[in-house]
Each structure stands twice: as C-alpha cells, then as structure tokens.
Amino acid sequence: CVLCICAALACSKSGENAPLPEGAVALVNGEPITFDEYKTEIRMMRIQSDEPDLDENQREDILNRLIERRIVLQEAKKTGKAAAQKDLEGYAGEPGFYGLTPEFKKILGANKVAEREWKEFAARNALFEKLAAVEAPKRDIKESELREYYEAHKAEFDEPEKVRASQIVVKDSATAKKLLKRLKAKEYFALLAGKESLGPEADRGGDLGYFAKDEMPPEISEAAFRLKPGEISGIIRTSFGCHILKLTDRIKAGKRSFAEAGQKIAGELRKRENEEYAAEWLAKLRENADVKINTRFKERDEKYEITQN
C-alpha cells in the first residue's frame, strides 16, 4: 500500500526549524499545509477510526499523510496526470462511493461533519490513491515463480463448500406467505422473483450466485445450506425483510489445482510488484522534495484541543 511509507516523511530535507508562513504546519516544495487542513483531516480520521481521541503518534501520521498527498499532487501537475481529477469525478458519482448510508449520516451528524466535507475528504483520498498507484513495468512471470508461490501458500487454495441460490425478498410475512403459496402451485421462481422481489438481484431472477457459508447473513446461509438442489425454503426473516430461497447448485469443498490457480497467483505477484514499485517511486519523490515541518504546531494542536472538539 502506498500509505505504508508515511513514517519516512517525518524527516525534513531542509530542516524543521526554518520560518514558515503564519498558520502553516508544513511547507512542501514551497506550498503550505495549513493548520485548518490538518484539523479537518483529524476530524475525518477520528470518524473513520471510531475513536474519540487520537494519540500523538496518530496525529503525526496524519500530518505525514497530508505531506505525502501534497507531494504526489505536485508531481501529477508536473507530469500531466492531474487529468485524473476528471476520472475521479466520474466514478465518484457511482452509488455507494462515499458510503453515505443512513447509519453513517447519523455518525457524521453526531460529529458535526457536513456531507459536503466528507465527500471532499473521500474524493481527495481517492484521487491520491489513483495518482500514487503507479505500475511496475510489465514482464512475463515465469512458471517456476507461480509454482513456488503455490507450494508456499497451499492453504490459500482451499475451496470451501459453496451453494448457488436464488431469493425472493419482500417487506412483510403476509406477502411472503402469498408468494410461497404461488411457488407451491408450481409458478416459476425466477419469473416471480423478477416481478415481486425487492432485492437488487431481482432482474436476474433472484440469482445470488455461488457463496460460502460466511459470505451471507447467518439466517440466509443456514437455510440455504440445508436445502437440496431444486428445493425451496420456508420464509426466512432478516433485518432486510422476509426471504424465500431456492437452491440451484452445490459445490463440495476441495483444493484448487495449480492449473486452476495460475491466473490468481500471477495477479497476486503483479500486485506485489506494483506495490513495491509504487513505494519506491514515492520514496524517491520524498527524497527530492523540500519539506519543512513546523514543530511548534504541536503547541497549537494542544491549544485548540482539536482531538476533543
């Protein structure tokens, strides 16, 4: 992960005691990071970590992360990668990008954080991750490398028992009872799911695909794994509503062979190489950056009691 080298940012190429502009906690190649930016980041990270207070080390990590982000954004402007901002605007519009569930909105409200502030924070982090995710030069991965990984990580290729099921989910038991009666009268499950189910998979005839026991709510998994292929469950109640399941297939537990695992292993090795390459790239940027940290910001930190407000 590109954030893993944050600790390296704690040192300064040009020293920490040089004069900084009023209100700046750090200067990065001449650009100030303000105390207000730092306070905002503290508030957002406090929400993410679900901790009412952050210790000194955590706050220093937050400053280091701000410095790291500024260095990467500056490099993006130099190289023309800042156009990634437009890409960000595209996928930031996708449902669920900001995680603004009703429950999370309550958390934001309790912490006096506006939705706009949270969206800006999430967008900044997403843009940073996108810009910092530089990839290593492509190369052919040897079969010997794949086999070595397979032999050393055999437990990763244990496949649990899985089932494939479809569901109809409705709000209340009265509706569920009527639909169950229609299914017992031999109506097609997929057609009924498409017309009546409230689940997002309704347009696929209620098909949930294959899943292991730990990949679904316990009530759903327990009911599904008790069924035989072709069988239909009774009514299952969860926090989402009332469900009716139909089991369509079952796959026994087993181990994925080397031939089956090859593509996954290659992907994992490329991912590791890319992470190492990105970390080295970021370390070089940091080495060449002119970073000055205002050590007095800690005094101001305590004065404003930013971990308590």
Side-chain angles (χ1 to χ4, degrees), residues 87 89-107 115 119 122 126 154-268 271:
D87 297 335
E89 291 168 359
Y91 66 78
E94 294 178 4
F97 175 81
Y98 295 109
L100 288 171
T101 62
E103 293 78 12
F104 191 65
K105 287 181 180 180
K106 289 179 183 177
I107 294 172
E115 287 184 27
K119 287 182 175 181
K154 282 191 172 180
E156 288 184 19
F157 305 104
D158 289 336
E159 293 286 345
E161 182 183 16
K162 291 187 177 183
V163 296
R164 183 176 185 178
S166 297
Q167 77 164 350
I168 296 171
V169 57
V170 293
K171 286 184 179 179
D172 57 85
S173 57
T175 304
K177 286 176 182 177
K178 290 177 184 177
L179 295 177
L180 189 57
K181 187 175 181 180
R182 290 169 65 180
L183 289 168
K184 289 179 179 178
K186 305 300 182 185
E187 283 201 40
Y188 285 109
F189 193 100
L191 291 177
L192 204 54
K195 292 177 182 177
E196 305 291 345
S197 181
L198 302 176
E201 65 289 323
D203 60 354
R204 303 192 301 273
D207 184 17
L208 294 167
Y210 287 94
F211 55 89
K213 278 188 177 180
D214 61 355
E215 293 175 341
M216 284 287 176
E219 305 94 329
I220 298 298
S221 285
E222 288 170 13
F225 276 81
R226 282 198 302 264
L227 296 172
K228 296 177 182 177
E231 282 187 334
I232 293 174
S233 72
I235 297 169
I236 305 151
R237 291 173 177 81
T238 73
S239 59
F240 300 101
C242 294
H243 308 247
I244 302 170
L245 300 178
K246 179 179 180 180
L247 195 74
T248 53
D249 195 15
R250 184 184 295 271
I251 300 175
K252 293 181 180 179
K255 184 179 287 290
R256 196 181 300 186
S257 69
F258 172 73
E260 294 169 325
Q263 189 171 355
K264 178 184 176 182
I265 297 171
E268 177 61 28
K271 178 184 173 185

* To do: Identify, with sequence neighbours excluded, every residue that meets salt bridge (Lys or Arg N to Asp or Glu O under 4.0 Å) alongside Glu161.
  => Arg250
* **Spacing of Lys246 atom NZ and Glu231 atom CD [to the nearest 0.5 Å]** => 11.0 Å
* To do: With the side chain counted from C-beta on, respond yes when Leu180 and Ile232 share a heavy-atom pair under 4.5 Å apart, and no when they do not.
  => yes
* To do: With rounding to the nearest 0.5 Å, note down the distance linking CG in Leu198 to CD in Gln167.
  => 10.0 Å
* Asked: How many angstroms lie between CG in Leu191 and CD in Glu196, if you round to the nearest 0.5 Å?
  -> 11.0 Å
* Just how far is it from atom CD1 of Ile235 to atom CD1 of Ile244, taken to the nearest 0.5 Å? -> 5.5 Å
* Heavy-atom side-chain proximity of Ser197 to Val170 below 4.5 angstrom -> no
* To do: Rounded to the nearest 0.5 Å, what's the gap from CZ on Arg182 to NZ on Lys195? Could you check?
  => 7.0 Å
* Asked: Looking at side-chain heavy atoms only, is the closest gap between Asp207 and Arg164 below 4.5 Å?
  -> yes
* **Heavy atoms from other residues, nucleotides or ligands near NZ of Lys162 exceed 12 (cutoff 6.0 Å)** => yes
* Point-to-point distance, once rounded to the nearest 0.5 Å, from NZ of Lys184 to CG of Leu179 -> 12.5 Å
* Structure fact -> Heavy-atom nearest pair, Ser166 first then Thr248, reads OG-CG2, 4.3 Å
* Structure fact -> Sorted by chain and number, sequence neighbours left out, salt bridge (Lys or Arg N to Asp or Glu O under 4.0 Å) with Glu268 holds for Arg272
* If you take all heavy atoms of Cys242 and Asp172, which pair is closest and at what distance? -> SG-C, 3.7 Å
Side-chain donor/acceptor pairs under 3.5 Å, residues 208-222, sequence neighbours excluded:
unit_1	atom_1	unit_2	atom_2	d
Tyr210	OH	Asp249	OD2	2.4
Glu215	OE1	Ala212	N	2.8
Ser221	OG	Lys213	O	2.7

* Minimum heavy-atom separation for Glu260 to Lys255, with atom names? -> OE1-O, 4.4 Å
* Side-chain (Lys264) to main-chain (Phe157) donor-acceptor, under 3.5 angstrom -> no
* Hey, does Leu183 have a side-chain heavy atom less than 4.5 Å from the side chain of Ile168? -> yes
* Any side-chain heavy-atom pair from Leu227 and Ser233 closer than 4.5 angstrom? -> yes
* Asked: Within a reach of under 6.0 Å around NZ of Lys171, are more than 12 heavy atoms found that belong to other residues, nucleotides or ligands?
  -> no
